Structure formats: C-alpha cells, structure tokens
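As the structure is a prediction and not an experimental result, all values here were calculated from the model.
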Amino acid sequence: MAHIVIMGAGIGGMPAAIEMRDMLPREHRITVVNALDYFQFVPSNPWLAVGWRKREDVVMPIAPLLQRKGVDFIAKPVTKIDPEGSQLVLADGSTVRYDYLVITTGPKLSFDEVPGAGPHGGHTHSVCSVDHAEKFWAGYQAFLQDPGPVVIGAMPLASCFGPAYEFAFILDADLRKRKLRHKVPMTFVTSEPYIGHLGLGGVGDSKSLLESEMRNHDIRWITNAKTTKVEPGKLFVTQLDDLGQVFKEHEVGFKLSMMLPAFKGVDAVAAVPGLCNPRGFVLIDDYQRSKAFRNIFAAGVCVAIPPVETTPVPTGAPKTGYMIETMVTAIVHNIADELAGSTASTKATWNAICLADMGDTGAAFVALPQIPPRNVNWFKKGKWVHYAKIAYEKYFLRKLRTGTSEPIYEKYILKALGIVRVVK
C-alpha cells in the first residue's frame, strides 16, 4: 500500500485528489494537506471584489468534499518538507509520512519586494485570495461615496497578468453601471513590455485588441513599468525603454489601487535544497517529477517555467487552467503507472488557454504550445466569453461538489473553440 500526500488544495490540488482517487486502487491511501480548511475559487475573486459575488458563492469547506471520495484531509500549514525521510512537518510539530508527494501549493505572494505594497500594512489591494478580494470590496464601498483615481496593474516579476486586465475592465463596467465612471480616472501600470504581452510574448492579436479596448474604455497605461515603492495615494514607477534604460519616472496618484504582486515559492517548498530554482519554484522533468527527488511531483503555479522571453522589466510565464489540468492528469497517470510496476510516461501539454472576463464582454486566447513558435496562436473577443467564464465557474464548483474528475478544458472548452489537441 502506498500513501500519496497532496500538499495544497487549490485549483490543482483538489482535482488531483479526486482524479487520483478515481484512478488508484482503494488499497492506496490519499491525504490532502492544506493550510486552510476551505477551498476558494480564485478566478472569481475579481467579481467578488466589486460585489458581483459573495464569499459563500466561491468558497467551500474542503473536508466534506474529500471525505465523500475517501480522501483524508489535514487542515494545517506545512512548515518543513523532509525529502530524505519522505515526510512533512506540520505547524503543530506532527509529521505526515508519504510514499509520493504531490506539490500543488500555488505561490507565495511576494508583496514585500516593493516597499509599501500589499493589503497587509501596505497601500495596494490584491485579488489573489478571497480575503484580499473581500478587503477590496470593503474599501470599494467607501470609495464609491467619494470616488477618485484608480491604479490597476502588475508589479515586476508578476507572472499572471490576465487577472489584472480582467479586473480593470470589470471595475470599469461596474462603475459605468453605477454612473460613476466619469469621476474615476484609471491607469493600468504593468511590467509587461507592451499591452497584451501577458507574459507569453503576446498571443495572436492580443496587443492591438487590448490596446483598442483600453482606449475605448478610457484606461491609460504605462508599460515596462518597474514599480519601486508605494506611499499612501502614490505609486512610484520607473518606466524603462526597450533596451532596459530609464525612460521616465512617474508618480501615479490614486485613491484606490489593485496591483498584482510578484510570485515566489511557498517557504516550506523553497527551503528544500535542490528542489527549486532561486525563486522557490519546483524544478521538474518532462513527467512533472522533481529533478532531485523521484517521489516528489509538482503541478500548477508552484512549478518552475522559464520566461517566454527576456523583457526590460522582469516578467514571469503564467500557468493557466488548462496547463494545470494537464499537469495534474500527467502526475496521476505517472504515479498510477509506477504503482502498477511500469514507468512514468505521460507528459502534460503545457498549452495556454484562458477565458478572461471583461465585465460585460470577454477575451479568450489559445497558445499551443505556450512557448513560441506555436501551432495555434489565437485571440478572440466577444460577449460569449463573459458567459463562458460564468459557466466555467459553475461547472468547476459543481465538479468539486460531485467529486467528478473529468477534464473540463479538454472535454468542453477546446471542443467549443473547435481546437482539440490532446498530447500525452
């Protein structure tokens, strides 16, 4: 009998547990360890931040979901990974031994890299967690009584730019509905070298389409933006040129701000010698396995992926839902094969597919593969994307409630787009 421990219960960890339980014989034990006792559907946080969702709409207790599948759950933070002893050390000093460890922790939000940033003692908000989105909503309600300038964007070394664009357009749509948009100058400040780069070197017509949308919505922008510090009501930005030289210094005033932070690996993962790169992301081989430890696998944002290209202000490569889904499926098949006496042979596709809501419309992109040159390089806008994102939210949450392990992107989204590519 093997004990498979999954560290992290987010968009990667929960499907990993369900899929693992469906594939492995019952003689093998599966345990999920997570710092929090609830699952949060992170893609809905921009909606929650403007009051379009409530916490109870996008948060579910984890234990009942996993118990129904016969998966054990421990709601405690991991303070140390002991790869030599194949065990986790938890915050209360207890230990959990494993035969296989699957790391799906997501990132550490590194607000401290920019002085004055972040919702915890800083002057900017975030939509990276449900707590952060709720904090923005509280500030937003007060802001609506006396509106003013807004700054939205992404700090240096951010690697998930989609939510910043989503939030800018969602906030714009909400202010228009409230007849307050004319009182709110908006500036988009991003470390990307151009609008629509997305950490991917652009996808299809993303640059021209998103620039056009920003002009149409009266959103100004600063690209190649190195945010250096934040003070109350002020964002300090050094804008670089394409050669990485200082082009202009900005002091961008704001009454409310949402800036996505840089990502790093969580402390317990980053502290393991040989497991991670200098930013704390897990180094893996073609089969999602750690390059240093054969019984450790990793999927999702915690995985090390090199930037698509060098940019004047450092940017990271995003890990989108489809990519995470295929990473998880690869891990499940590879562990199942090893337990059956075979060898790991399943590879994730590492393709990028994203549905980005824009308030009352939306944009979808497909990059197959994520790193250019690509077989498919596709970017489209339409109201259908707004509805598709809502449908994705409802489907994913229902999938967890019912304990279903079917792959949503491969089964529905790619077919709907007319792009079906399954790479094993």
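In this structure, OG1 in Thr404 is found 6.0 Å from CZ in Arg398, a value given to the nearest 0.5 Å.
Residues meeting the ring-ring contact (aromatic ring centres under 6.0 Å, His included) test with Phe143, sequence neighbours left out: none. Scanning for ring-ring contact (aromatic ring centres under 6.0 Å, His included) contacts around Phe41 gives Tyr392, Phe396, with sequence neighbours left out.
For an aromatic pair to be called close, the ring centres must be under 6.0 Å apart, and His197 with Phe161 fails this. With ring centers used as reference points, His386 lies 6.0 Å or more from Phe169.
Evaluation of the salt bridge (charged side-chain N to carboxylate O under 4.0 Å, His left out) test over residues 298-319, restricted to residues two or more places apart or in two chains, returns none. Within the structure, every pair that satisfies the salt bridge (charged side-chain N to carboxylate O under 4.0 Å, His left out) test and touches residues 265-275, not counting sequence neighbours, is listed here: Lys108-Asp267. For the ring-ring contact (aromatic ring centres under 6.0 Å, His included) condition, no pair includes a residue of residues 262-290, sequence neighbours left out. Residue pairs meeting the salt bridge (charged side-chain N to carboxylate O under 4.0 Å, His left out) criterion with at least one partner in residues 56-70, sequence neighbours excluded, are Asp22-Lys69.
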Would you please test Lys207 and Glu211 for salt bridge (charged side-chain N to carboxylate O under 4.0 Å, His left out) and show each step? CA-CA 6 Å; Lys207 181 179 187 294; Glu211 281 187 356; 3.1 Å; yes
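A 4.5 Å side-chain heavy-atom check between Asp360 and Lys383 finds at least one atom pair inside the cut-off.
The aromatic rings of Phe136 and Phe167 sit perpendicular, their planes meeting at an angle over 60°, well past the 30° parallel limit.
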